[in-house]
Amino acid sequence: MKSQITRALFDKVILPIYAPANFIPVKGKGSRVWDQNGEEYIDFAGGIAVNALGHCHPKLVQALQQQSEKLWHVSNVFTNEPALQLAQKLIDNTFANRVFFANSGAEANEAALKLARHYAIEKYSPYKTKIIAFYQAFHGRTFFTVSVGGQAKYSDGFGPKPADIIHIPFNDLNAVKAVMDDHTCAVILEPVQGEGGLTSATPEFLQGVRKLCNDYNALLIFDEVQCGMGRTGSLFTYQQYNVIPDILTSAKALGGGFPISAMLTTEEIASIMHPGVHGTTYGGNPLACAVGCAAFDIINTPEVLAGIQQRRAIFIEQLENINDKFKVFREYRGKGLLLGAELQPQFHNKARDFLNVAADFKVMILNAGPNVLRFTPSLIITEDEINEGMVRFTKAVEKVVNS
Ligand SMILES: Cc1ncc(COP(=O)(O)O)c(C=O)c1O
């Protein structure tokens, strides 16, 4: 019997804030996805940098199944073993020694911003509340995080915003110098801006911002929701820059597709918090943390991390082949498998057309803004899958170019 659940139903029952593709995926394995009609797609989108180990990785399925028969939820009135195990793994492999678990990137950033404000107010002055953020940044959709994000199209239209947030151009150290002062409590940035078009921070910029934060007793927050957990070739991107933040947020790949996020910080900063200051019902949920532990153990291995640059090189080679024929890309951006291809000016504002036509040719890709195509596949996608997806993508590009 044909499914009664159709794409048309979406337009009737779901809040009209998304414009999903016209097929409904029902099954995934590795980097392949099947829709309701049994059509097979190659997945270069990875659930927007979430499915870091592809779909239904056997180790993640096993972890979820095993935990599902033990304990699902106890709230934070009690702690649980998977949460403590995952926190320990994060601490053992980063600068941090305290972890707060939540459920989404926005919540991790909300916690980071609240922590930075609270720390500055308690430790220095009630007036030390200024947050420096960057144009084109994206930090989530809660009202605080969307106000800190640097894109008016997401933050306007909801009435008065949280105050004392300043936006300046990314990678512009002089702009930071101009606004940094004793009232600044934090600078927040993505080491590689994700939604904003895959712009990587320059090393000089991150080093300079770190020094300014030190000089003015401001905290440096790295939002690694999209660029962390292996995506750019190291466990976290800050490790490639040798610039250590005071607070780091992680989500997306952290659960390999199971909703979970984390905010990491130091003992000294964490010491400002006490029971009741912040919290969440689901954060540190045993199911999410059990899957997170399994994902962490696979991603944080030399094989997986080293394979990321190899895969990027294959992607770029294939994109170059497409470009030789159709002259559509201007430059390649991002790091590792957070890969962007900026379109030539004559294709600006057409990124969405490319991804719609790509879906017709059975390959799932993303955009990052109107001018950049984004590829965030599984970190363990095979060479065959890349090649097959690129054959399909080439046909899609040909169609867009000739339309
Ligand atoms: C850098 C960054 N921060 C925060 C978020 C928000 O994460 P979530 O959608 O899980 O709330 C995103 C989502 O795309 C992101 O890319």
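Order of listing sets the numbers, starting from 1, for every ligand and every atom in it. All figures in this text were calculated on a predicted structure; none of them were measured in a lab. When reading the values below, keep in mind they use all heavy atoms of this one structure, side chains included, and skip hydrogens, waters and symmetry mates.
Counting only residues at least two apart or in different chains, ring pair (Phe, Tyr, Trp, His ring centres under 6.0 Å) contacts with residues 157-209 comprise F134-F170, F134-F205, F170-F205.
Within 4.0 Å of ligand 1, counting heavy atoms only, the contacting residues are S104, G105, A106, N109, F138, H139, G140, E190, E195, D223, V225, Q226, K252.
Remark: of the listed residues L319, T232, T376, V372, L319 is the sole one forming a side chain to side chain contact (heavy atoms under 4.5 Å, CB included) with L339.
Salt bridge absent: D164 and R117 never bring a charged side-chain N and a carboxylate O closer than 4.0 Å.
Ring orientation note: the planes of F44 and F315 are nearly perpendicular, at an angle over 60° on the 30°/60° scale.
Geometric assessment of K350 against the ring of F347 yields a negative cation-pi assignment under the 6.0 Å and 45° thresholds.
Rounding to the nearest 0.5 Å gives a distance of 10.0 Å between NZ of K130 and CG of D182.
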